[in-house]
Amino acid sequence: MPTDDVWRHLVETTLSSLLINTFWLSVGVVAGTSLFGVSLAWLTAIYEFPGSRFFSWALLLPLAIPAYVTAFVVLGLFDYTGPVQTALRAWLGSELTWFPDLYGRGGVTVVMILAFYPYVYLMARNAFLTQGKRLLEVAQSLGLNHKQGFFKVALPMARPWIAGGIMLTLMETLADFGTVVVFNYDTFTTAIYKAWFGMFSLPAASQLASLLIILVFALIIIEQQFRARMRFAEMKRSSRADRIVLTGWKARAATCFPASVLFFAFVLPVLQLGSWAAHSLIQSLDQRYLEFLLHSVLLSAIATLITCFVAILLVYAVRLYSDTFTRIAVRIATIGYALPGAVLAVGIFIPLAWLDNQLNEWMLMLFQIETGLLIQGTIGVMLIAYMIRFLAVGHYPIDSSMQRITRSIDEAALGFGLTGWAMLRSIHLPMLKTGIFTAATLVFVDVMKEMPITLMTRPFGWDTLAVRIFSLTSEGEWQQAALPAVTLVLAGLIPIILLMRQTDK
């Protein structure tokens, strides 16, 4: 049992509240994202109504906005001193006692639902597109109406896909740090940060991280069970394109629902960020801001190169040696994306701190030289953490591209005397360009938006756009945080545009 005094203090005072807060936040986000994601997916995949083609891809746009950015926009707009409540008090001439308190479980849950519902939407829509109108016709032949056909036929058949989207949402919820900090809502990720940097207890932080790891791995096992049950069936394009046409009030209601969700999840945050950024542009755009931008771009570029290089090596290793051991090793190597950034930061810092101390002792013993901290507090630690966290993001697109290269091409290359690295350089890499570009784009943007790893492992004074947003929002400086937030949103739109091009192919 742990004997650390800080850990004992956490167990006696806050651990139970952390468990309760994390549990109810997860339940609320899963319920909300399931409701919005599945209903919007069914609406855009099966029905034809005004704007249906536009909403089919536009509903993915909230993925470009980090959840912590949406969080401080919501508070800046709807807090007691924000423009919405101020205008309502002036108009009604009274205090808004009925207005909900944003600081708490309700506010952070709503923001996370708006930020994470596209995960469920994307997975569910892909499932419903493969079913098409033909599945409803089968249900009608059994005497079921559209509503009954959805609940008794379409929804059960799409359950594995929906479960996969829910698992992604749940892991993102558990990994979130910036959003819960903005709302002052304590979860495991905030407790890990406070234990390390507030109480200066790395053992307590590691013990809290170990509990979160157990929970995450349990979720991974559940997700793998659902994946094992997935079955795919390809349908003709004509059946997928044949939708049910809505008219009258049903068509208007069908248009209003996704329009409202898109407005609050994407349009309103972007408009408010643009307004704030315009007002604070002269004040914010100084030498320090350019340094934040340079640090973010430089870290993202280096991390992207390292991550994609390692991903290519893993993919090629499986190509050459497709035995069980190699496949398991690659699976373990790419599991980091399921771990929260705060957990990874703690997990990487502990062995590197031990290695730093050992190097110092060896140098003192052998050469009477005190080396100090050679590894801790360096960019190298950040890059290692980024690579572990986002290796799966780089691996999957490259692996998918490699799967499209038939073995006969390898055999033909062998006939020309190309083997090993020569085959990879001359044959595989040119054919993997699309997958590598997609992987590099996704990794670059994810590193730009990553907050916990950057915040907890960065060298002194090495701030990025994400860290700048955290610092300003911690002090309630919403307008000053708008400019770096707009930059992150613009960067996040790149992979979303690429994803949208592939969605309806």
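Sequential numbering from 1 along the given sequence is applied to the chain's residues.
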4.5 Å side-chain heavy-atom contact, P269 and V69: no
Flag side-chain contact, heavy atom, 4.5 Å: I306 against M387: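 Answer yes - side chains close enough.
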Answer yes or no: is there a donor N or O on one side and an acceptor on the other, between the side chain of [X] and the main chain of [Y], under 3.5 Å?
X	Y	answer
Y68	F470	no
S275	L271	no
T190	T187	yes

Closest non-hydrogen atom pair, L383 against L299: CD2-O, 4.1 Å
Exercise: identify the closest heavy-atom pair between L43 and P258: CD2-CD, 3.9 Å
Heavy-atom neighbours of F264 CZ exceed 12 at 6.0 Å: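 Open: at most 12 neighbouring heavy atoms sit under 6.0 Å from CZ of F264.
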Over 12 foreign heavy atoms within 6.0 Å of CZ, F437: no
Parallel, tilted or perpendicular: ring planes of F36 versus Y117, cut at 30 and 60 degrees: tilted
Aromatic ring pairing F54/W57, orientation class (parallel under 30°, perpendicular over 60°, tilted between): perpendicular
Side-chain donor-acceptor contact under 3.5 Å, T464 with R458: no
